[in-house]
Amino acid sequence: MRRLLPPVSPADSPSDREAGPGLTTPDGEVDLDAVYAYPEDVVGAGRPWLRANMVESLDGASQAGDGLSAGLSSPGDKKIFGVLRGLADVVLVGASTVRAEGYRPPQPKAAYAAAREAAGRATVPVIAIVSRSLELDLTAPLFTEAIVPTVVLTGPDADPERLAAARKAADVIVAGPPGATGVDPGAAVDALAARGWTRLLTEGGPHLLGQLASAGRVDELCLALSPQLAGGTARRILAGTDPMVPQPMELRTLLEDDGFLFARYVRHSDR
């Protein structure tokens with residue numbers, strides 16, 4: 001994996017010319033933990049920082065022909081996927097994506113578990129599922145085998161019986177004021193941060209990401225560009241019925257690996 005941006009200065013050392021000052025390991029590889037580190041001045045002050053991790057084809061498809069994102073992925077993409085989870089407190093994901101992608105509970109990774117534990121954090125990130133309908137398989141491993149309890153975020157109009165069942169299997173948060181319809185994305189983010197989980201990561205899907213972006217809560221986008229044309233009618237990485245006010249983003253880092261591009265964009269007003 002090599003760094004394309006920020007540009008490399010001719011005056012940099014050999015290892016820095018490969019990965020960039022402060023973004024390289026002793027053996028000259030790109031230090032992905034440094035590239036994707038959360039801004040400590042934000043999360044350390046108790047404020048949430050929400051990043052999204054998405055992959056798309058050259059023509060903008062968020063899914064391959066089988067309707068899943070895995071067909072657009074690569075070993076480099078999976079490596080960054082693991083880094084982003086290793087750094088996060090919470091993985092925020094929509095219920096339809098959980099069902100389609102077959103989500104399972106995260107397992108501790110040797111590269112992160114000890115440091116997380118030393119910092120008083122759980123050895124794995126919490127999976128937080130956004131579901132208005134609460135149509136969830138509460139007998140799935142994501143609920144029965146999770147190292148830390150899976151969180152379910154739902155709206156104040158949730159079905160009472162399903163809500164009661166979910167509370168027996170998961171840590172349930174009602175995100176939104178009484179009388180509201182569905183999950184309020186801003187309230188969901190704030191509720192997670194109120195528990196001390198300020199390093200937030202969302203893996204979509206497109207509808208959830210669209211809702212979070214429309215609410216102005218996406219601080220960062222980690223976008224993997226897969227070198228293939230998908231065609232068809234696949235959704236974009238943001239889906240919704242109403243156009244949103246354009247949100248300017250700044251490109252901060254760009255990596256390349258086997259033809260894949262990995263861009264990290266930060267919202268213009270954030271940093």
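Keep in mind that what you see is a predicted model, and the values were worked out from it rather than measured. In this chain, residues are counted from 1 in sequence order.
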Hphob cluster co-occupancy, Leu72 + Met54, side-chain heavy atoms under 4.5 angstrom
no
For this session: Taking Asp171 for its side chain and Thr150 for its backbone only, find out whether a donor-acceptor pair lies under 3.5 Å.
Result: no
query = Got Val90 and Leu201 here, is their nearest side-chain heavy-atom distance under 4.5 Å?
reply = no
Inset, instruction - Mark yes when over 12 heavy atoms from residues, nucleotides or ligands other than Glu117 sit less than 6.0 Å from its CD; otherwise mark no. - result: no
Exercise for the section: Report the C-alpha separation of Arg85 and Lys109 in whole Å, then their side-chain angles, then the decisive distance to 0.1 Å, and conclude whether the side-chain contact (heavy atoms from CB on, under 4.5 Å) test is met. Expected result: CA-CA 10 Å; Arg85 281 199 169 192; Lys109 303 294 184 183; over 6 Å; no
salt_bridge(Arg2, Glu29) N-O dist < 4.0 Å:
no
Rounding to 0.5 Å, atoms CG (Leu84) and SG (Cys222) come to a distance of 5.0 Å
Next item on the list: Tell me, with the steps shown, if Trp49 and Glu220 meet side-chain contact (heavy atoms from CB on, under 4.5 Å).
Entry: CA-CA 8 Å; Trp49 181 272; Glu220 180 179 329; 2.8 Å; yes
Please determine whether residues Leu4 and Leu225 belong to a single hydrophobic cluster, defined as Ile, Leu, Val, Met, Phe, Trp and Tyr linked transitively by side-chain heavy-atom distances below 4.5 Å. yes
Scanning both residues in full, the closest heavy-atom pair of Ala52 with Leu209 reads CB-CD1, 3.6 Å
Report task. Answer whether the closest heavy-atom distance between the side chains of Leu261 and Leu254 falls below 4.5 Å. Result -> yes
message: Looking at Glu56, is its backbone amide N or carbonyl O close enough to the side chain of Ser226 to form a donor-acceptor pair, meaning the two atoms are under 3.5 Å apart?
response: no
Donor-acceptor check, side chain of Ser57 to backbone of Ala61, threshold 3.5 angstrom: yes or no? yes
When every non-hydrogen atom of Thr123 is compared with those of Pro108, the smallest separation belongs to OG1-CG, 3.9 Å
Practice prompt. Please lay out, stage by stage, how Glu250 and Arg267 fare under the test salt bridge (Lys or Arg N to Asp or Glu O under 4.0 Å).
Written response: CA-CA 6 Å; Glu250 293 183 358; Arg267 188 167 56 175; over 6 Å; no
Donor-acceptor pair, distance only, cut-off 3.5 Å: does the side chain of Arg99 make one with the backbone of Glu135? yes
Distance col, row Arg167:CZ vs Thr154:OG1, nearest 0.5 angstrom, shows 9.5 Å
- Without swapping roles, check the side chain of Arg51 against the backbone of Val266 for a donor-acceptor pair under 3.5 Å. no
Checklist entry - Got Glu203 and Glu101 here, is their nearest side-chain heavy-atom distance under 4.5 Å? => result no
d(Arg252 CZ, Leu5 CG) to nearest 0.5 Å is 12.0 Å
Discussion item. Is there a continuous path of hydrophobic side-chain contacts, each under 4.5 Å between heavy atoms, that joins Val174 to Leu138?
Written reply: no
Looking at side-chain heavy atoms only, is the closest gap between Asp33 and Tyr112 below 4.5 Å? yes
Quiz item: So, Arg264 side chain and Leu221 main chain: donor-acceptor pair closer than 3.5 Å or not?
Solution: no
Checklist entry - Are any side-chain N or O atoms of Glu256 and backbone N or O atoms of Arg3, one a donor and one an acceptor, separated by less than 3.5 Å? => result no
Test side-chain contact (heavy atoms from CB on, under 4.5 Å), reference Leu212, set Leu238, Leu200, Leu92, output is Leu92
Ser73 and Lys78 have their tightest heavy-atom pair at OG-NZ, 3.4 Å
Residues pairing under side chain to side chain donor-acceptor pair (under 3.5 Å) where one sits in residues 174-194, two or more places apart or in two chains, turn out to be Asp190-Arg217
Checklist entry - Do Leu255 and Leu32 touch side chain to side chain, with heavy atoms closer than 4.5 Å? => result yes
Quiz item: If only atom types and distance count, is the side chain of Asp219 paired as donor or acceptor with the main-chain N or O of Leu50 below 3.5 Å?
Solution: yes
Minimal heavy-atom distance between Leu87 and Tyr36, with the atoms involved, is CD1-O, 3.4 Å
Q) Out of curiosity, does Val124 fall in the hydrophobic cluster containing Phe81 (side-chain heavy atoms, cut-off under 4.5 Å, transitive links)? A) no
Applying side-chain contact (heavy atoms from CB on, under 4.5 Å) to Ser62 and Val55, what does each step give before you reach the verdict?
CA-CA 6 Å; Ser62 63; Val55 61; over 6 Å; no
TODO: Tell me, yes or no, whether the heavy-atom count around Tyr38 atom OH, taken from other residues, nucleotides or ligands under 6.0 Å, exceeds 12.
DONE: yes
Is there a donor-acceptor pair under 3.5 Å between the side chain of Thr202 and the backbone N or O of Val93?
no
Carefully, step by step, assess Val172 and Leu163 under the rule side-chain contact (heavy atoms from CB on, under 4.5 Å). CA-CA 8 Å; Val172 177; Leu163 184 61; 3.7 Å; yes
Taken to the nearest 0.5 Å, the spacing of Thr97 OG1 from Ile129 CD1 works out to 10.5 Å
(message) Any non-hydrogen side-chain atom of Ile127 less than 4.5 Å from a side-chain atom of Pro106?
(response) yes
I'd like to check Trp197 versus Val151 (side-chain heavy atoms, cut-off strictly below 4.5 Å). Are they in contact?
yes
So OG1 of Thr233 and CD of Gln63: to nearest 0.5 Å the spacing works out to 8.5 Å
Taking every heavy atom of Ala169 against every heavy atom of Phe143, the minimum-distance pair comes out as O-CD2, 3.9 Å
| query | Less than 4.5 Å apart, any side-chain heavy atom of Arg235 and any of Pro206? | reply | yes
Heavy atoms of Met1 and Val30 approach each other most closely as O-CG2, 3.5 Å
Take Arg132 and Asp157, measure what salt bridge (Lys or Arg N to Asp or Glu O under 4.0 Å) needs, and give me the verdict at the end. CA-CA 8 Å; Arg132 178 184 179 183; Asp157 59 339; 3.1 Å; yes
Tell me whether Asp257 contacts the main-chain N or O of Phe260 through its side chain, where contact means a donor paired with an acceptor under 3.5 Å.
no
Enclosure of Arg195 CZ (heavy-atom neighbours >12, cutoff 6.0 Å)
yes
